[in-house]
Amino acid sequence: MSDVVIVGAGMAGVQTAVCLREQGWRDGIVLVGDEPHPPYDRPPLSKAVLLGPADAEPDVRFDVDFAALDVQLLLGVRAHALRGADHEVVTDRGVLRYDRLVLATGAFPVPLPGTAGLPGVHLLRTLDDAAALRPVLDARADVVVVGAGWIGAEFATAARQAGCEVTVVEAADRPLAGALPATITGHMRGWYGEAGVRLLTGTAVAALEPGAAVLADGTRLPAAAVVVGIGARPATGWLAGSGVDLGADGAVLADDRLRTTAPDVYAVGDCASFPSARYGERLLIHHWDNAVQGPRTAAANVIGGDEAYDPVPYFWSEQFGRFVQYAGHHTGADTMLLRGDPGSAAWSAVWLRDGALTALLAVDRPRDLAQARKLIARAAPLDPALAADPAVQLKSSVR
């Protein structure tokens, strides 16, 4: 009998187990999760869990019958080390032997230094994190959010919807400074004000204390809760000395088949980067769609296939009454064209590389996004004038 052990019971780990069965794996599957809860989906945490009725417990569990799939769940079990040469995972409940191993440990939110265990300071990654924040929103308390990235904007949206007074503090000069150009994010700044959220950019947090955030200039912002959303790092520290190579960003360095540098070990989801032939660089994608797509390839290769992984990245975000979607990958060297006015209700931005569509950001223009994913997949060359005309369907701008 050959056993596959999957470490990590989030979307990537669960999908790997499901895909293994769907693709014909008949031997043992062990799914290891460090949380005590049955495996659950994370996107609802910043929406349904925070904003649902106080007397109702939202069910965010995956609709997967693990018993029917003959998948053994080991919950509340933390992996501490990997002995790659011995095909063993060391956990706090003992040693697990494997024939093949899939790493799906995800990422952890980066805390502000010195704030661990500080009352009133929160991260938002797990079901328990969301449950701890629920009373704050129910009480319509004052909230400070550190970081104007995707998670900061989504939490600020939920907090305002609940009736909280919200201040967002961002060290950069604008929201999403590391993800999008100023041409776009300058307009996103206005979304905060429209929603009644106070946004402080170019502002550093000097310290957090119970009941307040203290800024670098000495300003004290009272808050019943401070939510820190300043990024995430792959949860791979336990792999030191295992034979699994990690990058400078902490990600597992998987190849284009999602194999690691250790024999019979694969990696999927937020914990792993992979080389993209499509974009000519290694990608680390911390988004839900990657955790859905990667397991199909990993499962096929675990079973003995030889499939390459090179998806068109995709993610979405709901913030301040807008549905924001992004497909592809762009760099500062790509040519950006706007489809519509970013100050309007619905618009898009496209990026071209050597004339071909490489990425698209859509704000309440889902048709643009749906067409872009297909065009990016085939590296379709676009007529720039037509691509910049919001009245022209994107697919009609193909040369």
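One-based numbering along the sequence shown.
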Do D173 and T201 meet the criterion of a side-chain donor-acceptor pair at a distance under 3.5 Å?
-> no
Flag yes if more than 12 heavy atoms outside R97 fall under 6.0 Å of its CZ atom; otherwise flag no.
-> yes
Side chain to side chain contact (heavy atoms under 4.5 Å, CB included) partners for A362, two or more places apart | S348, L360, R365, L369
T157 versus E318, side-chain donor and acceptor atoms under 3.5 Å = no
Listed partners of F155 passing ring-ring contact (aromatic ring centres under 6.0 Å, His included), at least two apart = none
Please say whether more than 12 non-hydrogen atoms of neighbouring residues, nucleotides or ligands are located less than 6.0 Å from CG in D92.
-> yes
Let me check something: any side-chain donor-acceptor pairs from residues 104-118 under 3.5 Å, sequence neighbours excluded? List them with distances.
from : atom 1 : to   : atom 2 : distance (Å)
T105 : OG1    : A235 : O      : 2.9
T115 : OG1    : L112 : O      : 2.6

Lys/Arg-Asp/Glu bridge criterion (N-O < 4.0 Å) met for D129, R125 | no
May I have all residue pairs that pass salt bridge (charged side-chain N to carboxylate O under 4.0 Å, His left out) and include part of residues 390-399, sequence neighbours excluded?
-> none
Under the ring-ring contact (aromatic ring centres under 6.0 Å, His included) test, residues paired with H122 that sit two or more places apart | none
Determine all donor-acceptor pairs shorter than 3.5 Å in which one atom belongs to a side chain in residues 174-181; sequence neighbours excluded.
from : atom 1 : to   : atom 2 : distance (Å)
R174 : NH1    : L180 : O      : 2.7
R174 : NH1    : T185 : OG1    : 2.8

Intermediate values then yes/no, salt bridge (Lys or Arg N to Asp or Glu O under 4.0 Å), R353 and D334 | CA-CA 5 Å; R353 183 177 304 177; D334 298 327; 2.8 Å; yes
Ion pair present between R296 and E22, side-chain N to carboxylate O less than 4.0 angstrom?
-> no
D128 and T126: side-chain donor and acceptor closer than 3.5 Å?
-> no
Please say whether more than 12 non-hydrogen atoms of neighbouring residues, nucleotides or ligands are located less than 6.0 Å from CZ in R140.
-> no
Taking salt bridge (charged side-chain N to carboxylate O under 4.0 Å, His left out) as the test, write out the residues that go with E170, two or more places apart.
-> none
Linked hydrophobic residues, L386 as query - side chain contacts closer than 4.5 Å | V392
How about E35 and Y40: does a side-chain donor come under 3.5 Å of a side-chain acceptor?
-> yes
Output every pair passing ring-ring contact (aromatic ring centres under 6.0 Å, His included) with a member in residues 220-265, not counting sequence neighbours, ordered by first then second residue.
-> none
By ring-ring contact (aromatic ring centres under 6.0 Å, His included), F315 pairs with (sequence neighbours left out) W150, H287, Y326
Would you kindly confirm whether Y309 and V268 end up in one hydrophobic cluster when ILVMFWY residues are joined by side chain heavy atoms under 4.5 Å apart?
-> yes
Hey, is R100 close enough to D27 for a salt bridge, meaning N to O under 4.0 Å?
-> no
Report the residues that fulfil ring-ring contact (aromatic ring centres under 6.0 Å, His included) with Y266, sequence neighbours left out, ordered by chain and then residue number.
-> none
Hey, could you give me each pair passing ring-ring contact (aromatic ring centres under 6.0 Å, His included) that has a residue in residues 170-228? Not counting sequence neighbours.
-> Y192-F320
